[in-house]
Amino acid sequence: MGGPAGRPSDQGLSRRSFLKGAGGAAAASGVLAADAASQEAATAEGAATLSGTTEVELTVNGQARKVSVEPRTTLLSALRDRMDPALTGAKLVCDMGSCGACTVIIDGQPVYGCMTLAARCQGKAITTVEGFGSPDKMSDVQDAFCEKDGLMCGFCTPGFVVATHAALDRKPNADIDELKYELSGNLCRCGTYPHIFEAAKAVQMSRAAGTGEAQEGAGR
Amino acid sequence: MSPDPSWGKRADLDVLNRDIRRVDGPEKVTGRAIYTHDVRLPNMLYARTLRLQTARAKINAVDVEAARQLPGVVHIHIEKEPGSEVRYSGDDSIIAVVAAETMEAALDGVRAIVVDLEKLPPVVTEKAAKAANAPLVNYSRNADSNVTTASESGDRAAIDEVIRGAAALVELDIEIPTQHHVCLETHGHVVDPAEREGFVHIYASTQNVSGMPGQFRRPLERDSDTIRVITPHMGGGFGAKFGAGLEGALAARIARETGRPVHYMLSRADEFTMAGNRSGSKQKIRLAANAEGKLIAVDLDAEKHGGQGRGALPGAPYRYEVENVSSRVVSVKTAADSNRAMRAPGHPQASFGMESAVDMIAYALKMDPVEVRRLNLSSEVHSRQLDTVAKEIGWADHPNRTAPGKAGDNGMAVGIGFGAAGWGPGGRASQCDVTVNPDGTVVSATATQDLGTGARTYVAAIVAEELGLQVSDVLAKIGDSELPPSVASGGSVTTGSSAPAIKDAAHQAREALEAKLEPVLGAAVGGYLWKDGQVSVRDGDGGQSLSWKAVCALLREPLVVRGKFKQALYRGDIHGIQAAKVEVDTLTGRVRVLKMVAVQDQGLPLNRMALRSQINGGMIQALSYGLLEQRVFDEQDGYLLSDNLDLYKIAGPQEMPEMVALIDDEDERESVCGMAEATIIPGHGAIANAIYNACGVRLTKMPFTADNVLEALYGKV
Ligand code: FES
Ligand code: FES
């Protein structure tokens, strides 16, 4: 897959592999995962060993944010549940990398926040949907979503906004088929896809017309 | 005297019947909109569920001692006491709920609970439920069988007689699996037990704000008029979110017992297991027509598969006019979650059966399926809509119009199919307050919820239209049980109920302001024109006008009026036609939808852009239902195998065809109503008909996955 392929990969330690030992033990015996098992998994992946609750510093939307996490805490959970004030724009929907509602940008790449460990994000630049704009100063993509009605209940919308930004960065001139491919890591139940495609096309056109300036200037 | 409120002619409107940007768009696209799922309160506990993974068991012991010792675990509620039974896969599967300081700690608690149980045969399939000596899983009082007594109508013997003389007779066996709502925001609540201003506050992901407080009376042990339910935004309902559910009652109870706010949203697997579904069905249909293509008799023999529910199916004939009808319908109960209302409950199922049969009649008579539909749908509206859709999908230039086509040398075949929709959206007792303040600010307030339909936007837009303002001049307040009551959003009733009440309130506000204007501008109430932020005397020379601000400055205190539902502003009787164009790969069985077209009427379009979104949404959900969706249980042990979004597929960007959503502008009724249900009804039937039209194979089993298509083509996969 295009866009989505970049998400869970190159994180070294995935949440899946991390929990393999732990989850198996819990399921079999009904007891809490032993710390040793998790640490073993972590070491095997060549990561630094963490245990218990640790304070880490994450750079989110250009700000340094301190947050206490456990080794297993996902980036999504760190943003939503552990930061104060919380960043709840990214949503938890499937919790397994199927829907894209949790999409955030890490070092320029779209990533599923539910599949990424928070502790692995230290020193990286994280951008959430909140970082792209605010209601008074929306990004061009956000504004186009409003203009073309690329949202209904809005629960998938933050993920789609971030994924659309990423898709247009990666493929500024994507045609409709390429766009579908780039956005195929995200799901919407209300059925906003056709209007999301229209929004993306509108952004392409305004960027082409305003060459560069449009990206910043279209917000209002 | 001034006239009663009326919507007026389309041409005279400045705000409505246009593309209106959603008023909550900016909050939603920037991640600032707070859903129940996002509510964060100081000292809040997170709750997670321990569910039995299989369908049925006898519970011998639930040992929570280890779980209690875990750091962060605060409270454990045991739902299944020793000696009790889990009787079906659904809310009855909840064994315990753990509330903890963090979500992870709550999950630790869940994992640490040790349950001693004895497995019982699952009975999750209809086959198992109907088997001789099947355990009784129909828990209705006095039930002695898993199959309910048949509800029968018509005289089958007489029908057989009519059928014997028919020019065409078709018979088919329809099989439809269970579908899930898949609201992206799972069901759940945040209950804050601390009393503030006389209320306990509950944030709820619900489509029934006004109806919620009463549902919490018991678990909170307090009067419902001291319970306030708030739903600023909600992430999809589709019929699944009318009640607080067991999860709501438990959230409230844990909040009351711990004295701390409780955040209890279902996990995705919980949601698939216990948050409802669209019932499956089996339908044996016999449909007969005379030589002109007029339908003369139909017989339906059906089973509804609603788990613990009765299932939904409107019966025969569906949508089309047929003189002689007989039917026999039973429900087969299984140990699975109850069906719930889901966007046009029962109708997409019935539509699939009937649209397939009508199509078969057309081809059996070598007639054009569009013409056979026209002949048997009684309404002029459907007839003109058939023309519109046929034109848009390219029917006139399509080679196979009275007989199916064949695959080319590369195995590919292209076909077009049709389907009809209708609905009777309700309208009843909603209310709305409009407040005009001396400083010119305007608030329009009603308890209603916005499921993604754009309700919040028309709560403001209708007032703006009446007072000659812009949408942004009016603040819409919704999603709060303390606001004027509103109906639950089911059956497309919200617009038909709320919009008339909003209009009535706006009209009253306008008249009250005109009464104040009489001594200033001279005209009596009803003699003013409100436009572009100005009010002027309707038949004046243009000199007598005031700005909106100046009008409001005449007020000494805020003007507050209460609007009520007005029958004259509402009319619920709507029509739609849809078509699909597909490409079938007869070598691999893969079906790709190339294009879908829908036309829909609904009276006055309040917000054209939001309407097109809804029409698209209906088509897409039908496409998804037709091509992908299917609940799958493990028959042997009763595990729900499709309890996640990898194994339960919904349509994504890659499945999207070209979509054309048309608003029927030949409908000039000066009335409003909702329309969401109608748009989801015929799409998957149109796709099946398109598959037949492409290559002559009739898909009677949903979803139209490659294996089902291959089986239909070659009798085996
Ligand atoms: S919640 Fe992360 S991909 Fe669905
Ligand atoms: S807008 Fe509701 S899920 Fe996409």
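In what follows, chains are A, B, ... by sequence order, proteins preceding strands, each numbered from 1.
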What closest approach, in Å, do [X] and [Y] show between heavy atoms, and which atom pair accounts for it?
X      : Y      : answer
A/C146 : B/G25  : SG-C, 3.6 Å
B/M659 : A/P194 : SD-CG, 3.8 Å
B/V29  : A/T157 : CG1-CG2, 3.9 Å

(request) Before giving the answer on salt bridge (Lys or Arg N to Asp or Glu O under 4.0 Å), spell out for A/K148 and B/D19 the whole-Å C-alpha distance, their side-chain angles and the decisive distance to 0.1 Å. (result) CA-CA 9 Å; A/K148 300 293 181 191; B/D19 286 357; over 6 Å; no

Nearest 0.5 angstrom please: [X] [atom1] to [Y] [atom2], how far?
X      : Y      : atom1 : atom2 : value
A/M152 : B/R22  : CE    : CZ    : 5.5 Å
B/I650 : A/S98  : CD1   : OG    : 10.0 Å
A/C94  : B/E271 : SG    : CD    : 13.0 Å
A/L92  : B/R268 : CG    : CZ    : 8.5 Å

In terms of heavy-atom pairs under 4.5 Å, which option from [options] contacts chain A the most?
options                        : answer
B/A661, B/P657, B/G652, B/G454 : B/G652
B/A651, B/S624, B/A610         : B/A651
B/V110, B/V115, B/T30, B/D24   : B/T30
B/M656, B/E27, B/R32           : B/R32
B/L645, B/T186, B/I620, B/L184 : B/L184

(request) From the options B/H263, B/R40, B/M44, select the one residue that forms a side chain to side chain contact (heavy atoms under 4.5 Å, CB included) with A/D81. (result)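 Going through the options one by one, the only one that passes is B/R40.
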
Hey, does [Y] have a side-chain heavy atom less than 4.5 Å from the side chain of [X]?
X      : Y      : result
A/F197 : B/P653 : yes
B/P26  : A/M138 : yes
A/R189 : B/H181 : no
B/R612 : A/H195 : yes
A/F155 : B/M234 : no

(message) One thing to verify: whether A/D143 and B/R21 come together as a salt bridge, which I'm taking to mean a side-chain N less than 4.0 angstrom from a carboxylate O.
(response)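 A salt bridge is present here (some side-chain N lies under 4.0 Å from a carboxylate O).
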
Residue [X] versus chain A: region with a heavy atom under 4.5 Å:
X      : result
B/L623 : neither
B/Q614 : both
B/T102 : side chain

Answer with side chain, backbone, both or neither: which region of [X] has an atom nearer than 4.5 Å to a non-hydrogen atom of chain B?
X      : value
A/V93  : both
A/A101 : neither
A/S77  : side chain
A/C188 : backbone

(request) Using a cut-off of 6.0 Å, state whether more than 12 heavy atoms not belonging to B/R592 lie near its atom CZ. (result)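 Result for CZ/B/R592: open.
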
(request) Output all residues satisfying salt bridge (charged side-chain N to carboxylate O under 4.0 Å, His left out) with B/R48, sequence neighbours left out; order by chain, then residue number. (result)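 Listed in chain order: nothing, the list is empty.
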
(request) For B/E104, check salt bridge (charged side-chain N to carboxylate O under 4.0 Å, His left out) against everything at least two apart and list the hits. (result)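 Scan of B/E104 (salt bridge (charged side-chain N to carboxylate O under 4.0 Å, His left out), adjacent residues dropped) gives A/R82.
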
(request) Could you tell me whether a side-chain N or O of B/Y35 sits under 3.5 Å from a main-chain N or O of A/G154, the two making a donor and an acceptor? (result)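 Flag set: sc B/Y35 to bb A/G154 pair under 3.5 Å.
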
(message) Distance alone, cut at 3.5 Å: any donor-acceptor contact between the side chains of A/R80 and B/H37?
(response)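 B/H37 and A/R80 do have a side-chain donor-acceptor pair below 3.5 Å.
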
(message) Below 4.5 Å, heavy-atom pairs only: which of A/G131, A/C153, A/G150, A/G89 has the largest tally toward chain B?
(response)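 Heavy-atom pairs under 4.5 Å are most numerous for A/C153.
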
